[in-house]
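Working notes, structure below.
FYI, side chains are in, hydrogens and waters are out, and symmetry mates aren't considered; it's all heavy atoms of this structure. Source: prediction; values computed, not measured. Naming convention: chains lettered A, B, ... in sequence-line order (proteins, then strands); numbering from 1 in each chain.
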Number of protein chains: 2
Amino acid sequence: MAKPSAPPTVAGPPPSARPITSVDLAAFSLADDQLRVLLVRPTPFGASAADPWALPSSEIAIAQDADLQGCARRTALAILGKIPPYLEQLGSWGSADRDPRGWAATHVYLVPVFAEAAGSSGREGMVQAAWHPIRESTTGLRLALDHARILAAAVARLRNKAEYTSVVAHMLPDEFTLPDLQHAYEVVLERPMDKSAFRTRMLSGTLLQPLNRYREGLRRPAMLYRLKTRRSIVHFPRSLQAKA
Amino acid sequence: MAKPSAPPTVAGPPPSARPITSVDLAAFSLADDQLRVLLVRPTPFGASAADPWALPSSEIAIAQDADLQGCARRTALAILGKIPPYLEQLGSWGSADRDPRGWAATHVYLVPVFAEAAGSSGREGMVQAAWHPIRESTTGLRLALDHARILAAAVARLRNKAEYTSVVAHMLPDEFTLPDLQHAYEVVLERPMDKSAFRTRMLSGTLLQPLNRYREGLRRPAMLYRLKTRRSIVHFPRSLQAKA
DNA sequence: CTAATAGTGTCTGTAAGACATTATAGC
DNA sequence: GCTATAATGTCTTACAGACACTATTAG
């Protein structure tokens, strides 16, 4: 306790060892009409079907990471090849028994991104990465550590935020139509939505910028839009489907 | 990397040192018609007015804490004398420079509690603790480390959640009246609220249990209520004051 | 009775839900 | 013309906001 400017600690003696500290990503995208999450696995060397998939994770690199977001961005860059414009803290999970190596705490970020299908999105460096569809009843996949629980929380948060924010739009490409956007919401929320109410909701406020160009299609062309900003999400005045 | 069941790490070599890891509390109460936050300071020995106040904080005690919530409960017990029924993860702050001792990450919990005024709530063990009123423009107090920023985020979250949840009720005693509750919301949100709409909102749903007893007062007595559960908050169907 | 606080009733505004209708493309 | 999809219009419902009104206590 003779260290410089140590903040007051409430109770107990100074601890001896420190927890393993990491940042995990719950990165979501939409491909082939499915909500998908990015999972990784060690390199093919010795990787068998028994090896569990895991959320992308990096231990904090003290010499390299300026802060938690920086670590999250580094992790995303390594595996996605780009830094996502919108990252949101989901929460943190820490306990004595969630990692067999010892007391471990992880800071989890929710990352909605646009990504093409690309069944198994190549291996980036040392790991194999793939977009796994989110199936019913918490994926069913057996993931490493407590990642199944974290993923369940991430899916719940994503769906909940879809009820009152523009978060789903961040999983679409730069230019999209309102029917595209509605379809994306329907995929995430797993229920059909009313066209008229949906359009009013999305077009009110400062969310979208119309491009005054049209997507040529099989039938009547649809107006193209772009997000005014990809850096943040917009909150709508009311939540959808206010349950009785 | 030859450790048992190590999860795949996305990039970079295994780190050498681990961050200092702690749990901080942003505990709020209502006393004397003011929103207050619990702050601590090292024991009076050598404590001067120059010593900054800080949020209650505990480093993770690997041998003692089962998980992050456990650490938060231990911290709350040490300083409040009781374990609060409702704790909510606010977020985590971690960076190379927020603590002069080195890379430090803290997991912050938002804790609304009922607490009497008690100007300086005695010293519990090694620290001095007091409920400080939340003043305009982020308190104005100079706090230890980056606690001023964390506190600002906590106040923002508390006020935001007051707009669409029952969180404010957790800062009232076990039994209270609807006028009590409305006054509490008005203190937190710093604006007057409509009586009729407020009552409808609070009485719909499963939030309150009427006790069929009355608070005797100066004028007409008011019905007493109790929270159906103190362990969780209730979400209302709409946010208040849907801004244009 | 009056004063003060507790509690209710009525009307309006906003935005979502349901669903019908019109518009514009290819064929 | 027909079909499919894009976009709009109309009506209903739920609930917050404003505010008037009634109810119950002390004195």
Side-chain angles (χ1 to χ4, degrees), chain A residues 33 160-166 168 172 175-186 189-225 234-244, chain B residues 33 160-166 168 172 175-186 188-208 210-225 234-244:
Chain A
D33 290 351
N160 189 252
K161 282 224 150 180
E163 299 280 358
Y164 63 97
T165 73
S166 65
V168 173
L172 292 183
E175 301 187 357
F176 53 86
T177 67
L178 279 177
D180 289 344
L181 185 55
Q182 180 173 348
H183 184 68
Y185 270 89
E186 289 173 338
L189 292 175
E190 294 183 315
R191 68 170 189 260
M193 311 205 52
D194 180 78
K195 202 190 336 184
S196 177
F198 183 84
R199 295 176 65 89
T200 312
R201 186 178 175 92
M202 294 301 159
L203 291 176
S204 71
T206 59
L207 178 62
L208 298 178
Q209 181 176 32
L211 297 177
N212 297 315
R213 288 185 286 111
Y214 292 86
R215 153 95 43 87
E216 307 291 330
L218 299 166
R219 306 295 168 182
R220 174 174 173 179
M223 175 71 78
L224 284 164
Y225 293 86
V234 168
H235 289 243
F236 300 118
R238 292 192 197 168
S239 195
L240 292 171
Q241 193 168 280
K243 301 106 188 171
Chain B
D33 290 351
N160 190 252
K161 282 222 147 180
E163 300 279 359
Y164 64 95
T165 73
S166 64
V168 173
L172 291 182
E175 300 186 357
F176 53 85
T177 67
L178 279 176
D180 289 344
L181 185 56
Q182 181 173 346
H183 183 68
Y185 271 89
E186 288 172 339
V188 171
L189 292 175
E190 294 182 316
R191 69 170 188 261
M193 312 205 54
D194 181 76
K195 204 189 340 182
S196 177
F198 184 83
R199 296 176 64 91
T200 311
R201 188 177 173 91
M202 294 300 158
L203 291 176
S204 72
T206 58
L207 178 60
L208 298 177
L211 297 177
N212 297 316
R213 288 185 287 112
Y214 293 86
R215 151 95 43 88
E216 306 292 330
L218 299 167
R219 305 295 170 183
R220 173 173 172 181
M223 175 72 79
L224 284 164
Y225 293 87
V234 169
H235 290 241
F236 300 119
R238 288 194 201 165
S239 195
L240 291 171
Q241 194 169 281
K243 301 105 187 171

Ion pair check, B/Glu175 and B/Arg215, cut-off under 4.0 Å: no
Carboxylate-amine/guanidinium proximity below 4.0 Å for A/Glu163 and A/Arg201: no
Once you round it to whole Å, what is the distance between [atom2] of [N] and [atom1] of [X]?
X	N	atom1	atom2	value
A/Leu224	D/dA7	CG	C1'	15 Å
A/Met202	D/dA6	CE	P	16 Å
B/Glu216	D/dG27	CD	P	12 Å
B/Leu203	D/dA16	CG	P	12 Å
B/Asp194	C/dC11	CG	P	16 Å
A/Gln182	D/dT5	CD	C1'	12 Å
A/Tyr225	D/dA7	OH	C1'	9 Å
A/Leu240	C/dT14	CG	C1'	15 Å

B/Glu216 (side chain) donor-acceptor with B/Pro221 (main chain) under 3.5 angstrom: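 Not a single qualifying donor-acceptor pair exists.
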A/Gln209 (side chain) donor-acceptor with A/Tyr225 (main chain) under 3.5 angstrom: no
A/Arg199 side chain near D/dA7 phosphate (N/O to OP1/OP2, under 4.0 Å): yes
Short side-chain N/O contact from B/Arg201 to OP1 or OP2 of D/dA16, under 4.0 Å: yes
Taking only the side-chain heavy atoms of [X] (C-beta and beyond), determine which of [options] contains the nearest atom.
X	options	value
B/Arg220	D/dA7, D/dA16, C/dT5	C/dT5
B/Arg238	C/dG17, D/dC19, D/dA14	D/dA14
B/Ala222	C/dA6, C/dC19, D/dA7	C/dA6
A/Pro237	D/dG9, C/dG7, C/dA15	C/dA15

5' precedence on DNA chain C between B/Ala197 and B/Asp180 (nearest-nucleotide basis):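 So the residue in question is B/Asp180.
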5'-most by nearest nucleotide on DNA chain D - A/Tyr214 or A/Arg219: A/Arg219
5' priority, DNA chain D, between A/Leu218 and B/Pro221 [closest heavy atom]: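 Looking at DNA chain D, the more 5' nearest nucleotide goes with A/Leu218.
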Under 4.0 Å between any heavy atoms, over every strand shown, what does [X] touch: base, sugar-phosphate, or nothing? Just pick one.
X	answer
B/Met193	nothing
B/Thr200	nothing
A/Ser196	base

Output field: ring centroids A/Tyr185/A/Phe198 closer than 6.0 Å: yes
